[in-house]
There are 2 protein chains.
Amino acid sequence: MPKIKILLIDDHAVVRAGFKLLLTTYANIEIIAEATRGEQGIQLSQQYQPDVIVLDLSMPGIGGLETIKRIIQRDEDAKILVFSVHDEPVYVNRALNAGAKGYITKNSAPTILPEAIEFIQQGKNYVEEGLLKAISSSSDSDYQKTIQSFSPREFDIFRLLAKGLVTRKIAQELCLGYKTVANYATQIKKKLHVSSLAELAHIAVIVGIMKH
Amino acid sequence: MPKIKILLIDDHAVVRAGFKLLLTTYANIEIIAEATRGEQGIQLSQQYQPDVIVLDLSMPGIGGLETIKRIIQRDEDAKILVFSVHDEPVYVNRALNAGAKGYITKNSAPTILPEAIEFIQQGKNYVEEGLLKAISSSSDSDYQKTIQSFSPREFDIFRLLAKGLVTRKIAQELCLGYKTVANYATQIKKKLHVSSLAELAHIAVIVGIMKH
DNA sequence: GCGTAGAAAAGGAAAAATTCCTAAGATTTA
DNA sequence: TAAATCTTAGGAATTTTTCCTTTTCTACGC
């Protein structure tokens, strides 16, 4: 039986190393390429044609969600497994909607990892125990709905605003013009019907995107 | 030369595995024990007397900060290195104030890891390049202290700002001039070393003044 | 009693951020 | 192919913030 070929996209060297070590006991899985950011991952996925792409959601640059979308766009059937720290329904939702076939968290037991990879490789879906439940039961308050409808960029900027970053910082972080971020901020506040960033911060906590 | 004995406290199996793999090339460092949560880590630190304790900040249960505090409480000279995803000054600050001797992020290059461990083991401090720059005195208890020192008016305005009220509204609410409130707001932000009202909102929750 | 300190309130001017409108390119969808 | 949406950002007007300063009042110590 040929090995399952993995492309691993994660900006943290430790996580990549850990991934490798955890998989050494599974002879039928092999990491054929690694990327530290989305753009590079997209490129490598075309070059190497991996069986399964494992990626993190929070990455510098275009981020995980956008990476998923772009990969799917180039290859409808790309098998993407998200491997994230986030266990909030919003994230799971967005990742699956973007085209991911599976979602597991970094909290999950090491044995979940090969299991999920095999499922995905076989064309099945795999969402970690407990996450799906959260999705269906996630109260669809107005906030939830509004936030779900955010575009990737809106969501990014929303997150950073809620965290407390100042417009200038966000622009730096996302490599955008100051005015772009300012305009998004205005738009986001309007969509959420708030007039201050403090309120926005509270909402982010309520919907489970931010912790203190 | 005897090996540097490490206790590793991190709830993510992948990270622990990665840690191990990254250190295999460094013969003088050895992981003698691992814990998946703070409580267990405290217990193991007493049992094994490691040279350096490496821990993550975000953990279920008592969390990283509290873990640091309790370990230090039992052993003043415990050498704790924080290894976190967060690169925000607030986290660095709070960790160092709690008693950590070093702070590196999971983004950092793999070579930083042994370097930091050796520094810490030798009794030095080690804070990753770039993290120290924005550090002010703003730990949990510092927030408490700062807020305690607020005058009644400052506190009022702080509360309303944290709640999400806009300057104009606060002025109305307290029957004050717009400029008065604006000036107080500036002053309050400066005292808390924050630059956005979102951060201010988070602080209010942290210190227990606000709920969601 | 009188000076000092500190809160409270707010004005003025300059700097910075926000809002609103607009628009172009890119891409997706119908 | 046309319509819709997303991303990016400029311009202008407006609003907010910042920093500095001033006035008034109260409390506290000597």
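Quick note on labels: first sequence line is chain A, next is B, and so on, each numbered from 1.
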Test your reading of the model: is there a side-chain donor-acceptor pair from A:Glu128 to the backbone of A:Thr105, 3.5 Å cut-off? yes

Residue from A:Gln40, A:Gln47, A:Glu39 passing side chain to side chain donor-acceptor pair (under 3.5 Å) with A:Gln43: A:Gln47

Would you tell me if any nitrogen or oxygen in the side chain of A:Thr167 comes within less than 4.0 Å of OP1 or OP2 on C:dT18? yes

Among C:dG11, D:dG11, D:dT17, the one nearest B:Asn183 by side-chain distance: C:dG11

Check the phosphate of D:dT8 against A:Thr180, side-chain N and O only, distance under 4.0 Å to OP1 or OP2. Yes or no? no

Can you name the nearest heavy-atom pair linking B:Glu115 to B:Tyr126, along with the distance? OE2-OH, 3.1 Å

Please check this pair: side chain of A:Glu154 against backbone of A:Ser151, looking for a donor-acceptor N/O pair closer than 3.5 Å. yes

Picking from D:dT8, C:dA8, D:dC19, the nucleotide nearest the side-chain atoms of A:Arg153 would be D:dT8

Residue-phosphate contact under 4.0 Å: A:Lys179 side-chain N/O, C:dT19 OP1/OP2: no

Contact nearer the 5' end of DNA chain D, comparing A:Ser151 with B:Lys189: A:Ser151

Would one find a side-chain N or O of B:Arg168 under 4.0 angstrom from OP1 or OP2 of D:dT15? no

OP1 or OP2 of C:dA10 under 4.0 Å from side-chain N/O of B:Tyr178: no

